[in-house]
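To keep things clear, I will list the structure first and then write my remarks on it.
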Amino acid sequence: MGGMDEQNLLHLAAHQFGYYQDFFVGPITNDYEVSGGKNIPSGNYLQKYDHTWKVTKEEIEYHKAHYADDGYVIPWGIANLPAHGRIQFGESAQLAPYINVSGNSSYTPASGDYPKIRGDEAVLFMLNDALDKHTESEAANSLGMEILGMSSEYAISQRVVYLSGKVGG
């Protein structure tokens, strides 16, 4: 991704497979320390965001029906969805989409809230290009881009293809 600013300066973020990087896990934050000339995210930041979050429609339907049951264990992807950023660290207030069953202003899966997904299965991921220097593209200016992505899968239980036609004259 790239673009020019008002001063005609190029801002760029790129990625290939390998050691160098322009993208970093999680949302844009100020929860990091500088060590050896690199910005190192805190342990709390990595514990919260160094993941992908997989959720299935089946898990959500079961959660909706059983969240209040004694002994019910909320699946990891539902329980740990990063719906809200830590605003005290400059993170976005709203990160991942969810259905607010509880009616309060925070994501509380123990009270029935659950991720809002499309399809039969979804994987949420978060990246940013603002945490540190861009060692892949060597661009001097980051975009300040935060990418909150969700990949969805739709299951097809049976697929039948019928072909008809006429070959030749």
Taking the side chain as every heavy atom from C-beta outward, state whether [X] and [Y] have any atom pair closer than 4.5 Å.
X      : Y      : answer
Pro75  : Val55  : no
Tyr154 : Arg118 : yes
His51  : Asn80  : no

Side-chain ([X]) to main-chain ([Y]) donor-acceptor, under 3.5 angstrom:
X      : Y      : value
Glu59  : Thr56  : yes
Trp53  : Pro82  : no
Asp22  : His15  : no
Asn44  : Gln47  : no
Glu136 : Gln21  : no
Thr52  : Leu124 : no
Asp129 : Ala13  : no
His84  : Ala93  : yes
Asn39  : Tyr32  : no
Tyr45  : Pro27  : yes

Distance alone, cut at 3.5 Å: any donor-acceptor contact between the side chains of [X] and [Y]?
X      : Y      : result
Ser111 : Asp113 : no
Tyr49  : Glu91  : yes
Glu146 : Ser92  : yes
His11  : Asp5   : yes

ILVMFWY cluster, [X] and [Y] together (side-chain gap under 4.5 Å):
X      : Y      : answer
Val25  : Met1   : no
Ile28  : Leu148 : no
Phe24  : Leu143 : no
Met145 : Leu95  : no
Ile147 : Met150 : no

Would you indicate whether Gln88, at its atom CD, is surrounded by more than 12 heavy atoms from other residues, nucleotides or ligands within a distance under 6.0 Å?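 Correct, the count exceeds 12.
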
Does Glu58 CD have over 12 foreign heavy atoms under 6.0 Å away?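 It does not: Glu58 CD has 12 such atoms or fewer within range.
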
Got a second to check how far [X]'s [atom1] is from [Y]'s [atom2], nearest 0.5 Å?
X      : Y     : atom1 : atom2 : answer
Tyr114 : Ile60 : OH    : CD1   : 7.5 Å
Asp120 : Lys57 : CG    : NZ    : 5.5 Å
Tyr107 : Ile99 : OH    : CD1   : 10.0 Å

How far apart are the C-alpha atoms of Ser142 and His134, what are their side-chain angles, what is the distance that settles it, and do they pass the side-chain contact (heavy atoms from CB on, under 4.5 Å) test? CA-CA 7 Å; Ser142 75; His134 290 194; 3.5 Å; yes

What closest approach, in Å, do [X] and [Y] show between heavy atoms, and which atom pair accounts for it?
X      : Y      : answer
Pro115 : Gly77  : CG-O, 4.4 Å
Gly144 : Ala130 : CA-CB, 4.1 Å
Phe125 : Ser151 : CE2-N, 4.3 Å
Leu12  : Ser137 : CD2-CB, 3.8 Å
Ser42  : Asp31  : OG-OD2, 2.6 Å
Lys133 : Gly37  : NZ-O, 3.4 Å

Stepwise ring-ring contact (aromatic ring centres under 6.0 Å, His included) check, Tyr72 with His63: CA-CA 9 Å; Tyr72 170 67; His63 175 74; 5.6 Å; yes

